[in-house]
Amino acid sequence: MEIKEIQGGVCAPKGFKANGIHCGIRKNKAKRDFALIVSEVRAAAAGVYTSNLVKGAPVVVTKNNLTDGYAQAIICNSGNANTCNADGIEVAKEMCGLVTEVGGIPASDVVVASTGVIGQKLDITPMRQHIGELWQGLGDAGEFAAEAIMTTDTVKKSVAVEFMLGGKICRIGAIAKGVGMVCPNMATNLIFITSDVAITSEMLQTALSEDVKTSFNMISVDGDQSTNDTCCILANGLAGNQLISGKGSAFKSFCAALNYCTVKLSKMIAKDGEGATKLIECRVVGADRKCTAKAVAKSVIKSSLVKAAMFGEDANWGRVLCAIGYAGVKIDVNAVDVSFSSKSGEICVCKGGYGVDFSEEEAKTVLSQDEVTILINLNTGSSSATAWGCDLTYDYVKINGDYRT
């Protein structure tokens with residue numbers, strides 16, 4: 001199946017409109033902080049969320065709203081996470097109600113999300129005052145919505161693809177935010193996905209739940225899991241394809257297109273990690289089982305020592321071996337090969353668990369690029385996995401040292 005990347009983000013699929021404005025939650029008036037995505041018709045919906053026991057109020061409200069498997073709108077603010085607030089649930093529900101007031105969409109059909117500082121009360125007044133403006137500006141403004149959900153992100157994260165199902169042109173679009181507190185388990189920060197594919201809620205949930213295992217669950221910026229992680233998808237069926245109600249070729253094609261989008265966003269999130277200068281990809285092959293490969297890849301990508309070495313362009317492969325060793329899975333340490341690669345070339349630094357002679361100058365050249373791959377061959381099977389992360393820099397501490405104040 002051909003998957004073609006297109007423009008439009010969440011507005012690329014038929015029947016979706018979006019907007020993002022500055023309403024006053026954030027002090028910087030140049031930054032949008034209020035987003036809305038709306039489908040022309042009620043859509044099948046699915047979601048995955050943080051497994052952190054401390055959950056943002058919007059997560060609780062959204063999970064409840066999606067119990068019937070349908071939604072029609074997504075409303076989100078940045079600048080305040082609405083987490084650990086006594087009135088958090090009430091405020092999240094009021095945000096859903098704002099969509100009802102201006103658009104007539106039932107509050108129970110609204111996905112609500114918030115991102116920003118934890119533990120500060122969220123005043124709904126600015127949103128109430130500007131919801132009319134946000135609604136009136138709905139259109140082909142997916143980039144405005146992508147900007148409005150950003151916190152310390154330095155770039156907007158958006159993707160859209162087009163593919164065929166049963167002779168019908170189908171599309172998936174998505175936006176994301178997330179650069180800090182990223183080490184997901186079931187989701188990552190905020191991801192909003194739209195599609196015009198006709199698919200049942202049950203199959204949509206199956207597709208999303210399986211997809212995150214090889215996309216968003218395989219990234220780590222700093223090892224911290226957010227309280228507000230939410231990944232939701234709406235599929236309104238306006239493409240006109242035959243309804244996907246079970247596993248088969250059409251479902252497989254849909255999943256492939258979805259994974260194209262989620263992997264692309266995963267890489268964007270990792271590369272834009274707070275203070276980061278490099279995207280680090282850890283590719284593990286030759287594992288005895290898939291779970292072994294995934295555990296090793298995540299362990300290496302989460303290692304602060306590995307991340308710091310990548311920042312310093314230091315081919316300290318011993319740190320990679322160390323992270324492999326505490327991954328919590330059984331491996332043959334005397335069979336492990338490690339190489340570093342980038343667009344500047346590839347260099348082998350470890351063979352059979354032992355170091356090999358290599359040029360430090362050549363290694364530094366390989367590691368000097370803004371995208372670096374750590375290649376690990378466990379040489380004990382045929383399973384593989386890939387994880388994404390970033391380097392650890394001085395700026396990460398600067399950003400998080402005074403994030404709240």
Side-chain angles (χ1 to χ4, degrees), residues 3-22 30-39 43 45 47-48 73-78 111 113-115 134 137-163 169-180 182 184 187-197 208 211-212 215-216 219 221 228-236 239 254 256-274 276 279 370-371 388 390:
I3 300 173
K4 182 173 70 173
E5 195 163 329
I6 59 174
Q7 299 297 311
V10 290
C11 295
K14 292 180 181 177
F16 283 96
K17 297 179 180 179
N19 193 21
I21 63 171
H22 173 81
K31 292 189 175 181
R32 302 176 193 273
D33 54 15
F34 197 21
L36 184 63
I37 303 168
V38 176
S39 171
V48 289
I74 300 170
I75 190 168
C76 177
N77 74 275
S78 60
V111 169
S114 299
T115 182
L134 184 64
L138 284 172
D140 188 16
E143 293 302 302
F144 287 171
E147 182 183 338
I149 66 174
M150 293 167 58
T151 49
T152 53
D153 303 63
T154 65
V155 295
K156 292 176 286 188
K157 299 166 184 68
S158 177
V159 65
V161 297
E162 184 176 276
F163 55 102
I169 297 174
C170 297
R171 293 176 175 177
I172 296 176
I175 58 174
K177 67 82 49 185
V179 291
V182 179
T188 182
N189 290 59
L190 298 180
I191 312 287
F192 304 131
I193 308 170
T194 60
S195 179
D196 50 19
V197 169
L208 185 62
D211 183 273
V212 298
S215 57
F216 300 129
I219 62 176
V221 167
N228 289 51
D229 289 352
T230 299
C231 176
C232 287
I233 180 170
L234 273 60
N236 62 21
F254 174 78
L258 176 63
N259 190 249
Y260 181 100
C261 293
T262 56
V263 167
K264 179 135 190 178
L265 289 177
S266 294
K267 292 180 179 180
M268 289 180 183
I269 290 169
K271 190 171 185 176
D272 194 31
E274 287 177 333
L279 168 66
D370 64 353
E371 296 188 8
W388 301 276
C390 60

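These figures come from a predicted structure and were not determined experimentally.
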Show the nearest heavy-atom pair for residues [X] and [Y], with the distance to one decimal.
X      : Y      : result
Trp388 : Ser215 : CZ3-O, 3.8 Å
Arg32  : Gly20  : NH1-O, 2.8 Å
Gly9   : Ser158 : CA-OG, 3.3 Å
Ile149 : Ala176 : CD1-C, 3.8 Å
Val10  : Phe192 : CG1-O, 3.6 Å
Ser195 : Ile172 : OG-CG1, 3.6 Å

According to salt bridge (charged side-chain N to carboxylate O under 4.0 Å, His left out), who are the partners of [X], at least two apart in sequence or on a separate chain?
X      : result
Lys264 : Glu5
Lys156 : Glu143
Lys31  : none
Asp196 : none

Partners passing side-chain contact (heavy atoms from CB on, under 4.5 Å) against [X] (at least two apart in sequence or in another chain):
X      : value
Lys271 : Leu279, Asp370, Glu371
Ala160 : Ile6, Ala12
Gln7   : none
Cys11  : Ala18, Asp140

Are any of the side-chain heavy atoms of Ile175 and Ile37 separated by less than 4.5 Å?
yes
| message | What I'd like to find out is whether the side chain of Phe163 reaches to under 4.5 Å of the side chain of Val197, using heavy atoms alone. | response |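 In short, these two side chains touch, coming nearer than 4.5 Å.
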Using 0.5 Å steps for rounding, measure from the [atom1] atom of [X] to the [atom2] atom of [Y].
X      : Y      : atom1 : atom2 : answer
Asn189 : Phe216 : CG    : CZ    : 10.0 Å
Thr151 : Leu190 : OG1   : CG    : 8.5 Å
Ile193 : Leu234 : CD1   : CG    : 10.0 Å
Thr262 : Leu208 : OG1   : CG    : 8.5 Å
Cys170 : Ile3   : SG    : CD1   : 12.0 Å
Asp153 : Thr115 : CG    : OG1   : 8.0 Å

Any donor-acceptor N or O pair under 3.5 Å, side chains Ser78, Lys177: no
So, using side chain to side chain donor-acceptor pair (under 3.5 Å) as the criterion, who are the partners of Ser39 when residues are at least two apart?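 Ser39: side chain to side chain donor-acceptor pair (under 3.5 Å) contacts with Asn236.
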Asn19 meets the side chain to side chain donor-acceptor pair (under 3.5 Å) criterion, sequence neighbours left out, with none
Is it the case that over 12 heavy atoms from other parts of the model lie below 6.0 angstrom from the CZ atom of Phe144?
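No.
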